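Remember, predicted model here, so these are calculated numbers, not experimental data. Numbering of ligands and ligand atoms starts at 1, following listing order.
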Amino acid sequence: MDWQTRGLAAFIATVSIALLALAGSVDARADGSFGAFVEGLWAEAREAGVPRPVFDQAFAGVTPDLTLPDLMIPGREAVPKRGQAEFTQPATAYLNAASLANLATEGRTLLARHKATLERIEREIGVDRTALLAIWGRETAYGAEKTPHDAIRVLATQAYLGSRKEMFRAELIAALRILALGVPRADLKSSWAGAFGLTQFMPTEYFKNGIDFDGDGRIDLAHSVPDALASAARQLKEKGWVLGQPWGYEVLVPGASSCALEGPPGSRKLSEWQAMGFRRPANKLFRPVDLNAQAYLMMPAGRHGPAFLALENFQVIRRYNTSDLYALYVGNLADRIAGGGNFETPWANVAQPATKLVADLQTRLAALGYPMDKIDGKIGSNTRRQIGIFETEAGLSVDCWPTPGVLAAALARKVQAAGAAP
Ligand code: CA
């Protein structure tokens, strides 16, 4: 165990003890008002067409699940989110080459097995088959990974105590409507956030983009591969999927270019990147048909790992799940299913900075006048970009990666005046 792992373990232990201490006192408090909260949902549920017996049965014996992350327990500090990949996992671990290779092998088998369905989806909905398989693989390992929670309990807890109550309240009402359609409760086994089925749909998405693609008269996202894949395809199409275009390209960054070019604000035509000296590894070429497409530079580990030029479909995948690493995982898995392999440039074994270090650095850079979208402790494109710009201006070696050294340098810089540009 290195010091970081030990720190994380100690942190989890502290949180667990705090949770246990909380559970006793909050359970009693929560149980009384939880009943009132549920009753307060009835008018809305009735208006949405949920019959009373369905409503009663849905909540019979349901208590809030205080072990879920992202809850705001009244009168207490927010329970920290658990399992955030960017906190617990560096890119090398998240983009585990062995698990990607395994999922790709299985993906190719499924590609053959579901060929007719996938061709029909491409034709009628307009989303590429490998991307759909990759999402299915990433979300539930093609259905092998079971999500353990009961969606009604999860959504009710989040609507009652979560930090995003309104959003989850709408999802809860939608989940009740799904039950009212006669969908078995067991089909709504979900993640901690209430997503269910082979491709992890939120209940409102079921009504927006769910489709009965196998023609048996019901939308079955838990068991029907055609229904689940076509529904996911509709969701991706709605978010702007471009049929036949890659999600992006891995590239080699020319010596004269900086990692501080990263991010959507630096978006330009692929042909312009090419003119600046950006190339694909191993002498591969960009597809001529993509040269007019807009692309932005993405370097998830700063200078310590591979670089990518992200096209529109990368952003579409991020709209499905807002994370660079998630989109990269899906993109690389899709490429592997199509016959591709691992990233050409290896990920260096850099330490994954703690959320607090990142948040402190974001706070300091914002105070110094560097535009920060959010102070959230997450290492997104803009955070890396601003670190790179700061490193350049401070005369540091430029790697676009948060470290205690960069934070120290930022803290040593004087804050000029509120809102002053650096
Ligand atoms: Ca069906």
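When the side-chain contact (heavy atoms from CB on, under 4.5 Å) test is applied to L357, the partners found at least two apart in sequence or on another chain are P353, P404, L407. Scored by the side-chain contact (heavy atoms from CB on, under 4.5 Å) test, K269 finds S271, E272, N292, Q294 as partners (sequence neighbours excluded).
Taking 3.0 Å as the criterion, D216 counts as a coordinating residue of the Ca ion (ligand 1), since one of its N, O or S atoms falls below it. In summary, P226 places no N/O/S atom under 3.0 Å from the Ca ion (ligand 1), failing the contact criterion.
With respect to E122 and R129, a salt bridge is recorded, a charged nitrogen being found less than 4.0 Å from a carboxylate O. A salt bridge between K189 and D150 is absent, with no side-chain N of the basic residue lying under 4.0 Å from a carboxylate O of the acidic one. Salt-bridge formation is not detected for the pair D212/R218: no Lys NZ or Arg NE/NH1/NH2 atom is positioned less than 4.0 Å from an Asp or Glu carboxylate oxygen.
D214 has its closest N, O or S atom to the Ca ion (ligand 1) at the position named OD1. Closest approach between the Ca ion (ligand 1) and any N/O/S atom of D212 involves OD1. Counting just the N/O/S atoms of D227, the one with the shortest distance to the Ca ion (ligand 1) is named OD2.
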